[in-house]
Number of protein chains: 2
Amino acid sequence: MGETGTGRREATVSDVARVARVSKATAARALGDYGAVSDAVRDRVQRAADELGYRPNALARTMSTGRSHTLGIIIGDIENPFFAKATRGAANVAAEAGYDLILSNSDEEPSVEAKAVAVQLAKQVDGLLIAPASSLEPGNLQPVLDAGRPLVLFDRTVPGVDVDAVITDNRAGARQLTEMMLAAGHRRIAFMSTLAHKGGYRAGDTLSSSAVADRVIGFVETLSAAGIARPEAFVHLNARRDGVDALASRLLDGGDAVTAIIASDSLIALEVFRAAQERGVLIPQQLSLAGFDDAPWMSVTTPGITVVEQPIHEIGAQATRILLHRIRGDGQRPETTILPQTLVERGSVASPKV
Amino acid sequence: MGETGTGRREATVSDVARVARVSKATAARALGDYGAVSDAVRDRVQRAADELGYRPNALARTMSTGRSHTLGIIIGDIENPFFAKATRGAANVAAEAGYDLILSNSDEEPSVEAKAVAVQLAKQVDGLLIAPASSLEPGNLQPVLDAGRPLVLFDRTVPGVDVDAVITDNRAGARQLTEMMLAAGHRRIAFMSTLAHKGGYRAGDTLSSSAVADRVIGFVETLSAAGIARPEAFVHLNARRDGVDALASRLLDGGDAVTAIIASDSLIALEVFRAAQERGVLIPQQLSLAGFDDAPWMSVTTPGITVVEQPIHEIGAQATRILLHRIRGDGQRPETTILPQTLVERGSVASPKV
DNA sequence: CTGAAAGCGCTAACAT
DNA sequence: ATGTTAGCGCTTTCAG
């Protein structure tokens with residue numbers, strides 16, 4: 001009952017063995033292409049398998065070998081272009097090596113992430129790729145370590161958890177962007193992120209995303225070096241909760257008015273761009289805009305948007321390469337790989353009106 | 001050797017049973033939350049499990065129950081926003097029901113798809129979600145049917161394969177877009193797709209994507225009804241192979257010059273938009289542009305881009321709901337669900353210059 | 001080179 | 001309510 005399809009049981013190694021008139025072990029050797037089998041027998045087995053429509057059961061194999069040839073990947077949201085790209089990079093190297101990916105979206109929610117970790121471990125993934133929902137709480141990663149399963153973090157690190165990670169040089173990127181704004185003559189520059197954070201940002205606060213944290217540090221230190229007072233006051237977090245639009249509104253013509261905005265990702269950049277447009281605020285004449293992460297559409301807007309670009313594909317690809325190494329039993333000490341960010345200048349930055 | 005981590009073997013039901021001083025079956029019942037167990041024993045088992053850091057092996061469970069609580073999803077490319085959205089829709093309803101997703105990218109390559117199907121089946125997915133790489137060759141889907149595994153197609157159908165499918169009304173959408181162009185006064189309107197197709201498009205040709213095929217039909221029949229001669233000549237496929245830019249160039253000022261272009265997806269719309277911009281062709285004054293699939297950036301370009309929008313999330317979600325029904329053993333005849341497309345008018349369409 | 005048998009971790013009858 | 005015993009489909013000693 002409930003048996004879908006023809007109801008015909010799937011052929012197993014035993015069935016093939018019987019038809020080929022060999023032992024189960026021999027059939028398995030021929031089918032699984034291991035051990036030694038004479039050509040004659042191999043042929044006979046193959047024929048029997050074809051005849052029966054034999055399809056291997058990878059789980060049974062995993063049960064006895066201990067290797068599932070499956071990796072787990074836990075990201076914030078596959079709809080976010082950043083994660084889609086990183087995932088594709090990971091999928092490419094995984095597929096190349098004969099591995100599959102089980103995908104879970106955490107929505108940056110530690111509790112969801114925790115469940116995803118448990119499920120993936122239960123499904124015996126050979127290793128995990130995680131863009132941790134929180135850089136502050138190592139708790140979610142502990143089960144992975146306890147299970148002795150290889151783990152590689154990407155996009156964010158989790159201080160205190162001694163595993164491999166692949167990130168980019170966010171601090172340098174932020175510095176670059178900020179210096180560019182400064183060089184153009186801006187003094188009131190806002191940094192905007194959707195990262196959730198209790199209260200306003202204060203110097204020394206630790207943020208739940210190490211990536212954003214690094215960006216903020218690069219931003220603040222650059223403003224500081226330029227002699228700007230209270231640079232922390234220009235850091236605006238919680239843009240999702242407060243509404244990018246409402247925030248942009250304050251930044252555009254409200255009390256916190258600035259002449260330049262640095263968006264922490266392409267989604268925010270888009271919303272700021274839209275907010276400016278809706279308010280008739282001209283970019284770059286009245287507002288300079290720049291951000292992190294390039295996107296195809298950023299070169300067709302008027303003006304194009306200046307960004308610092310990350311090798312997102314490579315982040316996922318490299319993380320997966322490292323994970324595969326670990327799975328194969330590489331005993332090196334964990335390392336954090338830092339990929340570069342590169343500036344792509346377009347037309348959204350200009351000198352502020354005097 | 002090769003043993004990563006602490007080397008400590010993972011605790012199993014047997015271990016827990018021993019520590020809790022009960023039989024394996026009882027421990028399993030308590031842990032797996034099935035059968036009947038006294039509260040006292042349940043407690044004892046739970047404590048033992050915690051103490052040992054017991055983590056269930058979902059594969060072993062699958063081996064005996066036959067259910068993996070895992071679905072396979074095979075798409076063209078997770079980086080394509082269309083697939084990312086559909087996948088997210090699928091992941092949401094899957095997670096809600098306690099299912100995971102194994103993701104494979106086919107790159108629209110039937111041979112890659114075939115391998116993905118084999119692997120997913122081997123991994124005992126309970127069902128498959130596939131955006132078939134080719135609507136013309138049912139061959140890749142046969143193994144799924146043979147294995148008696150539920151299958152739901154999305155975005156495209158495969159005539160001749162009697163399974164559920166979730167698509168949108170591409171023909172109506174194309175008609176709507178074409179009528180809009182006609183109403184604006186256009187007579188030379190191009191339809192552009194990256195779909196690979198041997199030779200130029202001729203009336204009656206069957207295309208390898210039923211979605212594009214339907215769009216082409218809606219487009220051609222509308223032109224036809226308006227008395228346009230040889231409407232097929234306005235259908236341009238292979239835009240990837242030929243280069244969207246080169247093609248756009250011909251369409252913009254070359255021999256095939258048109259006054260309006262309908263792009264078959266958001267990626268093409270972007271490239272056409274860019275090509276026009278680079279050539280200094282003004283939209284909508286010199287060229288009207290419209291396309292399929294909405295994207296966030298389409299409302300911030302100058303002008304905004306008019307599109308017919310599909311409920312992409314829902315495509316994936318609905319396909320998954322249906323798949324889950326089938327897995328639970330629903331005996332209904334397979335159905336094709338057709339979701340609506342809705343027009344979103346922005347500024348990229350105007351009357352052609354006389 | 002081939003076969004017999006044990007075992008991976010769990011669930012499912014079938015007792016008791 | 002709890003225990004006993006077979007498996008699920010495959011790989012892997014260990015013999016021969």
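Values below: every heavy atom of this structure, side chains too, minus hydrogens, waters and symmetry copies. Predicted, not measured: the structure shown is a model, and the values here were computed from it.
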B:Arg44 CZ to D:dT2 P, straight-line distance once rounded to whole Å: 8 Å

Length of the CG-P vector between B:Asp43 and D:dT2, whole Å: 12 Å

Rounded distance (Å) that lies between atom P of C:dA4 and atom CZ of A:Arg18: 14 Å

Whole-Å distance separating the CE atom of B:Met63 from the C1' atom of C:dG7: 11 Å

Separation of atom CG in B:Leu52 from atom C1' in C:dG9, rounded to whole Å: 15 Å

For atom CZ of A:Arg67 and atom P of C:dC8, their distance in whole Å: 17 Å

Contact under 4.0 Å: B:Thr26 side-chain N or O vs D:dG3 OP1/OP2: yes

Whole-Å gap separating C1' (C:dT11) and CG (B:Leu59): 14 Å

Basic-acidic side-chain contact under 4.0 Å: A:Arg149, A:Asp126: no

Derivation and outcome, side chain to side chain donor-acceptor pair (under 3.5 Å), residues A:Ser104 and A:Gln120: CA-CA 9 Å; A:Ser104 298; A:Gln120 309 242 38; 3.3 Å; yes

Salt-bridge criterion met for A:Asp50 and A:Arg47 (N-O under 4.0 Å): no

Nucleotide-resolved protein contact map, nucleotides 10-16 of chain D, B/S/- at heavy-atom distance under 4.0 Å: BBB----

Ion pair check, A:Glu314 and A:Arg321, cut-off under 4.0 Å: yes

Geometric class of the B:Tyr99/B:His69 ring pair [parallel <30°, tilted 30-60°, perpendicular >60°]: tilted

B:Lys85 side chain reached by A:Ile78 side chain, heavy atoms, under 4.5 Å: no

